[in-house]
Amino acid sequence: KAGVTQTPRYLIKTRGQQVTLSCSPISGHRSVSWYQQTPGQGLQFLFEYFSETQRNKGNFPGRFSGRQFSNSRSEMNVSTLELGDSALYLCASSLVGRGNTIYFGEGSWLTVV
Amino acid sequence: GEDVEQSLFLSVREGDSSVINCTYTDSSSTYLYWYKQEPGAGLQLLTYIFSNMDMKQDQRLTVLLNKKDKHLSLRIADTQTGDSAIYFCAETPSYNFNKFYFGSGTKLNVKP
């Protein structure tokens, strides 16, 4: 069974640009969540999608957005990039129901210069 | 939000046992997890424990939960150099089990 797949793995962007990251969940998983990992802030929850609807949202500015498609694949977008957006962006997928565990992808390393 | 705290570093010798500790504040936590992150990689689920359990053992891993003190620990027996990584504890509250709260991670260094 294939794991969570994230693309691209590495990217460099310039301040002010926008970026789109993609995540394909484990087959059969309908919930996809996104996390930002930085050395200073650790792992912070961005948002979670289920059946194309955002169910949960963390405390990030509106520049961070996401969506989920009917095949459960998800994308997240960051507009007007800032230097502080440099981070590892992790996607995780899970089955639904109580006690579900989340499985992470390898992440997308974003560097903003 | 809920706080999950871990010590930042732990250093042990190969063959010794490692104990990584975690404390959390949310008394409604239902599931508590341990994840491992190797350099340049995502998080790998190691194990998890339901809040009505005190202990769970899985090969070299033992998870102990003290719900009264809101303290979770992960013991790794016979620690190997391949166990060197960052270990994250995480919890999900009963009111929102789709949202995970992570600790800052404990960097385990295993010396040969």
Side-chain angles (χ1 to χ4, degrees), chain A residues 2-7 9-10 21 23-26 29-51 53-60 68 74 87-109 111, chain B residues 1-9 20 22-24 26 28-53 56 58 61 63 65 72 74 85-107:
Chain A
V4 178
T5 305
Q6 290 188 246
T7 56
R9 287 293 321 276
Y10 304 92
L21 308 177
C23 172
S24 293
I26 291 171
H29 286 193
R30 295 169 62 190
S31 170
V32 174
S33 49
W34 289 88
Y35 291 79
Q36 182 196 63
Q37 186 178 20
T38 59
Q41 299 296 318
L43 271 158
Q44 292 189 286
F45 173 79
L46 279 155
F47 24 66
E48 185 245 348
Y49 286 87
F50 174 74
S51 289
T53 300
Q54 187 182 87
R55 274 201 305 200
N56 293 286
K57 191 176 188 305
N59 296 323
F60 278 81
Q68 187 180 34
S74 176
L88 175 65
Y89 290 88
L90 291 163
C91 167
S93 75
S94 67
L95 292 168
V96 295
R98 293 191 78 84
N100 56 295
T101 54
I102 58 174
Y103 298 89
F104 284 86
E106 295 287 293
S108 292
W109 286 94
T111 301
Chain B
E2 286 66 20
D3 286 329
V4 180
E5 294 191 359
Q6 302 177 238
S7 53
L8 292 180
F9 300 101
I20 303 171
C22 169
T23 58
Y24 58 97
D26 180 17
S28 75
S29 294
T30 50
Y31 286 88
L32 297 120
Y33 303 81
W34 285 103
Y35 283 85
K36 175 183 179 183
Q37 186 177 38
E38 296 180 1
L43 274 69
Q44 172 196 352
L45 174 67
L46 285 177
T47 186
Y48 65 94
I49 188 168
F50 186 49
S51 58
N52 69 352
M53 298 169 64
K56 181 178 180 182
D58 184 2
L61 305 179
V63 178
L65 175 60
L72 181 75
L74 173 70
I86 301 176
Y87 291 80
F88 291 90
C89 123
E91 62 98 6
T92 55
S94 61
Y95 58 83
N96 191 346
F97 48 87
N98 291 301
K99 191 170 180 178
F100 282 62
Y101 293 91
F102 285 87
S104 54
T106 299
K107 187 171 184 179

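Chain letters run A, B, ... following the sequence lines, proteins first and then strands; every chain starts at 1. The structure displayed is predicted, hence computed values, not measured ones.
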Next item on the list: Answer with side chain, backbone, both or neither: which region of Glu106(A) has an atom nearer than 4.5 Å to a non-hydrogen atom of chain B?
Entry: both
Next item on the list: With rounding to the nearest 0.5 Å, note down the distance linking CZ in Phe102(B) to CD in Gln37(A).
Entry: 9.0 Å
Check: Are Gln37(B) and Leu88(A) side-chain neighbours, meaning at least one heavy-atom pair lies under 4.5 Å?
Finding: yes
Check: Who wins among Phe88(B), Tyr35(B), Phe50(B) for the most heavy-atom pairs under 4.5 Å with chain A?
Finding: Tyr35(B)
Checklist line | Interface moiety of Leu45(B) toward chain A, non-hydrogen atoms closer than 4.5 Å | finding: side chain
Note to self: So for Phe50(A), is it side chain, backbone, both, or neither that comes closer than 4.5 Å to the heavy atoms of chain B?
What the structure shows: neither
Next item on the list: Assess whether atom CG of Asn59(A) is packed by more than 12 heavy atoms of other residues, nucleotides or ligands within 6.0 Å.
Entry: no
Checklist line | pair Tyr101(B)-Phe45(A): side-chain heavy atoms closer than 4.5 Å | finding: no
Next item on the list: Sequence neighbours left out, what passes side-chain contact (heavy atoms from CB on, under 4.5 Å) with Thr38(A)? Give chain and number order.
Entry: Gln36(A), Gln41(A), Ala87(A)
Note to self: Can you tell me if Lys56(B) has over 12 outside heavy atoms packed within less than 6.0 Å of its NZ?
What the structure shows: yes
Notebook entry, point to check: What is the distance from atom CG of Leu43(A) to atom CG of Leu43(B), rounded to the nearest 0.5 Å?
Noted result: 5.5 Å
